[in-house]
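Below is one structure, written out as structure tokens; the observations come after it.
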Amino acid sequence: MKLWSQYFIPTLKESPADAEIASHKLLVRAGLVRKLGGGLYTYLPLGLRVMQKLTQICREEIERGGGIEVSMPHMHPAENWRQGPRWAAAREIMFRADSAGDGKRGPKEPEWVLGPTHEEVITPLVRAEITSYRDLPKNFFQIGTKFRNEIRPRYGLMRAREFVMMDAYSFDVDDERAIKSYFAMKAAYEAFFRRVGAQAIAVEADTGVMGGSFSHEFMVPAEIGDDDVIYNEASGYAANREKATSALVPPDLVDAAPAGAVEEFATPGVVTIAALEAAPYAVPADKQFKTLVYVGDGKPFAVILRGCDELEEAKLGALGFGVFRAATPDEIEPVMGAKPGSLGTVKGTIKNAAGLAGVFADHAIRLIGNGTTGANKDGFHLRNVNVTRDLAITKFGDFRRVRPGEPDPKSGQPLQVRRGIEVGHIFKLGTKYSEKYSATFTDDQKQQHLMVMGCYGIGIGRTLQAVIEQSHDADGIVWPWNVAPFHVLICVLDPQLPEAMNLAKKLAMAAEQGGADVLIDDRAERPGVKFKDADLIGIPLRLTIGGKGLKEGIVELKWRVQKDVAKVPLAEADARVTAAVAEARAKAS
RNA sequence: CGGGGUGUAGCUUAGCCUGGUAGAGCGCCUGGUUUGGGACCAGGAGGUCGCAGGUUCGAAUCCUGUCGCCCCGACCA
């Protein structure tokens, strides 16, 4: 039981100037957090209590899913990362943690980094400690602070530089068991989000810099989300935009017959899809081959799409380059023979074909038939271009961005889009890390094998904010029971009356007996202030004790989610409170 | 990192264009009247106008630089 007057809940009437979205405003107004700097937040008592509840529920569910809790350092020797598979890509988001020193030490390579996740720590640990198949599987997890140098922290806790995350790492003897571990974690995530009152859906996702073979993201649908979820309600298909695909190209597609030989024609000044669509050329965008040049691990490569399609850059990750980026015009010309706008991949037209790491074609270009593409000669294009006959293609793949309305790959129904907040992510990693760190075990045939890994993350702070985003009204937060900082708020309107405070404490004890956390508002404030604050901080159950009610012989009982107030005779108050708490707990479990 | 915006009291802000005593509301302190949905009256404290330089008789205001913060883009839990 806490007394408001002796606690610390600094609520605000006005929204802070730097908050844009509802949940961010409420985080600050309800006294949950205060900002230190961009993406850095102090958790005030109320915010901390919610974090602790989220953490405990997370711990329980991950343990139920097979997790074993550990705690790894936040600061890592950079050497661990240099040995790992993603130093080049990951160092971008890492903070160095050098000695503050006196400035006389001279510049050095970073000696330590602040951990953005912990594959680079757990894998060497497991390598050293686990060598036998008898000790597998193992799944280690921790709940703690992560550091990422986000280019743009945003929306309060939504994208922070320092944030609390549950991260877990599974080690298995083979792929099949690893998939089992993966789905055990998926089930644990579903249980976690259900218990904390967040409606999160699992969607297929890109593996990104983590690497690995497949993954799911857990998304909380919200307008302010950073990610697009592509889905079809009926078929159950749901994927992150970066991963989403569609059944645009029928599996039984037969390539159109060539209409004639490839033919060059002059297109002075035409360097865009739109310009080629216009008169006098009049080539529809879906009959154009669009050629983009990227640089992967230092070497250029080409990507071909239909003119009407957009590249989904994240899908290039499937090509296996450590890092990649769009090539600059200066890098393109020496290889292709022309500037962007006149590029193509017709055999024999590429100036230095050997200089390319490959030509990767999106499946959808097969829909083009006799199309048009750049001649690798500024001011010229080629027509009657056919995919199989004419183009130099290393490999086909899915590189285009899907559009709403396209057929869903599961059922052929039209796809839809909605925004979501990514609150969790699970990856089946495979052996990417175990290989680098030689994390092997001996099987019962005395054979050495690489451990098969998975890794898993839940953004605890982000989940907190997602819950608020999903559960609030015009007056404030509406906490789900299981994560509410307190379950019961007893508003004592006349705290100077001893009988009022005595009753409050008696009811508080009854509620606590029933397993509720209780806050008593004993401040010498006017009732209006107390009610406004009560709604703002969103405690699920409110009891009101006033001098007026006491004369009538009643206390009031009100749920945050409901409008109506129940007047409870004093004689029944204990029992009613106990019953209400029991009912809420039962509903929430 | 590219584009846009912004920085004035603990918080929300006016003033800046057109240079001349820095103003309000909330909050805070004192006293009084109030007391069931953010009370009222009286009094009071609190600001080197982000920082540095420049122009000027004079700069919150104009100029340059710099730092912080916010938003849009690429990235992530």
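Chain letters run A, B, ... following the sequence lines, proteins first, then strands; residues in each count from 1. Any value given below was found using the heavy atoms of this structure, including those in side chains, with hydrogens, waters and symmetry copies removed.
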Would you call A:F163 stacked on B:A77, i.e. ring centres under 5.5 Å apart with the planes less than 30° off parallel?
yes
Please list, for nucleotides 1-9 of chain B, all pairs of protein and nucleotide N/O atoms separated by less than 3.5 Å.
none

Need one value for A:D494: base, sugar-phosphate or nothing, where a base atom within 4.0 Å counts as base even if backbone is also close, heavy atoms only.
nothing
Could you check which of B:C76, B:C70, B:A77 has an atom nearest any side-chain atom of A:H425?
B:A77
Salt-bridge test for A:K315 and A:D362: reply yes if a basic N is under 4.0 Å from a carboxylate O, no otherwise.
no
So, are A:K548 and A:E552 salt-bridged, with charged N and O less than 4.0 Å apart?
no
What do the steps show when you test A:E331 against A:R325 for salt bridge (charged side-chain N to carboxylate O under 4.0 Å, His left out), and what is the final call?
CA-CA 12 Å; A:E331 291 169 322; A:R325 57 169 173 84; 2.8 Å; yes
Answer yes or no: is there a side-chain heavy-atom contact under 4.5 Å between A:Y41 and A:L36?
no
Compare the minimum distances between each of B:U12, B:A77, B:C69 and the side chain of A:R161, then state the nucleotide with the smallest one.
B:C69
Which is true for A:E556 with a 4.0 Å heavy-atom rule: it touches a base, it touches only sugar-phosphate, or it touches nothing?
base
What does A:S15 touch in the nucleic acid at a heavy-atom separation under 4.0 angstrom: a base, only the sugar-phosphate, or nothing?
sugar-phosphate
If you define the side chain from C-beta out and look only at heavy atoms, does anything of A:R462 sit under 4.5 Å from A:R159?
yes
Categorize A:G549 for me: base, sugar-phosphate, or nothing, with a 4.0 angstrom heavy-atom threshold over every strand shown.
base
For RNA chain B, the expected dot-bracket line (Watson-Crick or G-U under 3.5 Å, [ ] crossing, | inter-strand) is (((((((..((((......[..)))).((((((.....)))))).....(((((..]....))))))))))))....
Salt-bridge criterion met for A:K339 and A:D330 (N-O under 4.0 Å):
no
Name the residue closer to the 5' end of RNA chain B, choosing between A:G39 and A:I458 according to the nucleotide with the nearest heavy atom.
A:G39
Any A:K13 side-chain nitrogen or oxygen under 4.0 Å from OP1 or OP2 of B:U12:
no
Are side-chain N/O atoms of A:S215 and A:H425 paired as donor and acceptor at under 3.5 Å?
yes
Table of protein N/O atoms under 3.5 Å from nucleotides 28-34 of chain B N/O atoms:
residue	atom	partner	partner atom	Å
B:U34	O2	A:R526	NH1	2.7

Between the side chains of A:N240 and A:E204, is a donor N or O closer than 3.5 angstrom to an acceptor N or O?
no
So, are A:E61 and A:R195 salt-bridged, with charged N and O less than 4.0 Å apart?
yes
Base, sugar-phosphate alone, or nothing: which one does A:G38 contact when heavy atoms must sit under 4.0 Å apart?
sugar-phosphate
Measuring from atom CD of A:E525 to atom NZ of A:K532, what distance do you get when rounded to the nearest 0.5 angstrom?
14.5 Å
Considering only heavy atoms and no angle criterion, is a donor-acceptor pair shorter than 3.5 Å present between the side chain of A:R29 and the base of B:G27?
no
Pick base, sugar-phosphate or nothing for A:V423, based on heavy-atom distances below 4.0 Å to the nucleic acid.
sugar-phosphate
Under 4.0 Å, counting only non-hydrogen atoms across every strand here, what does A:K146 touch: a base, just sugar-phosphate, or nothing?
nothing
So which nucleotide from B:C76, B:G36, B:C71 ends up closest to the side chain of A:E20?
B:C71
May I ask you to say what A:L493 touches in the nucleic acid, namely base, sugar-phosphate or nothing, with a heavy-atom cut-off under 4.0 Å?
base
Counting side-chain heavy atoms from CB outward, which of B:G37, B:A77, B:C69 is closest to A:K35?
B:C69
Contact class for A:P116 (heavy atom, under 4.0 Å): base, sugar-phosphate, or nothing?
nothing
I'd like to know if A:R148 reaches the base of B:C75 with its side chain, counting only an N/O donor and acceptor under 3.5 Å.
no
For B:U21 and B:G68, measure between their P atoms and round to the nearest Å.
33 Å
Distance check needed: B:U13 P versus A:L12 CG, whole Å only.
12 Å
With a non-hydrogen cut-off below 4.0 angstrom, is A:A160 in contact with a base, only sugar-phosphate, or nothing?
base
Nearest heavy-atom approach of A:I421 to A:A222 is CD1-CB, 3.7 Å
Do the side chains of A:E120 and A:R86 get close enough for a salt bridge, i.e. N-O under 4.0 angstrom?
yes
Separation of B:G27 atom C1' from A:K532 atom NZ, nearest Å, is 18 Å
Looking at every strand, decide which applies to A:D533 at a 4.0 Å heavy-atom threshold: base, sugar-phosphate, or nothing.
base
Report which part of the nucleic acid A:Y155 touches: base, sugar-phosphate, or nothing (heavy-atom distance under 4.0 Å, all strands).
sugar-phosphate
Under 3.5 Å donor-acceptor pairs involving side-chain atoms of residues 535-547 of chain A, not counting sequence neighbours:
residue	atom	partner	partner atom	Å
A:R542	NE	A:T544	OG1	3.4

Can you check the distance between B:C51 and B:U8, where both ends of the measurement are the P atom (answer in whole Å)?
10 Å
For residues 295-302 of chain A, which side-chain N or O atoms pair as donor and acceptor with protein atoms under 3.5 Å away, sequence neighbours left out?
residue	atom	partner	partner atom	Å
A:D297	OD1	A:G322	N	3.0
A:D297	OD1	A:V323	N	3.0
A:D297	OD2	A:G322	N	2.9

Could you work out which one of B:C70, B:G38, B:A77 sits closest to the side chain of A:L536?
B:G38
Report yes if a side-chain nitrogen or oxygen of A:Y189 is closer than 4.0 Å to either non-bridging phosphate oxygen (OP1 or OP2) of B:A77; otherwise report no.
no
Please verify the inter-ring angle class for A:F218 with A:Y189; under 30° counts as parallel, over 60° as perpendicular, anything in between as tilted.
tilted
Table of protein N/O atoms under 3.5 Å from nucleotides 22-25 of chain B N/O atoms:
residue	atom	partner	partner atom	Å
B:G25	N2	A:E14	OE1	3.1

When rounded to the nearest Å, what value does the distance between P atoms of B:U64 and B:G3 take?
16 Å
Checking all strands, does A:R523 fall into the base, sugar-phosphate, or nothing category for heavy-atom contacts under 4.0 angstrom?
nothing
Are any side-chain N or O atoms of A:R241 and backbone N or O atoms of A:V229, one a donor and one an acceptor, separated by less than 3.5 Å?
no
Name the orientation class of the two ring planes belonging to A:W81 and A:H76 (parallel below 30°, tilted from 30 to 60°, perpendicular beyond 60°).
parallel
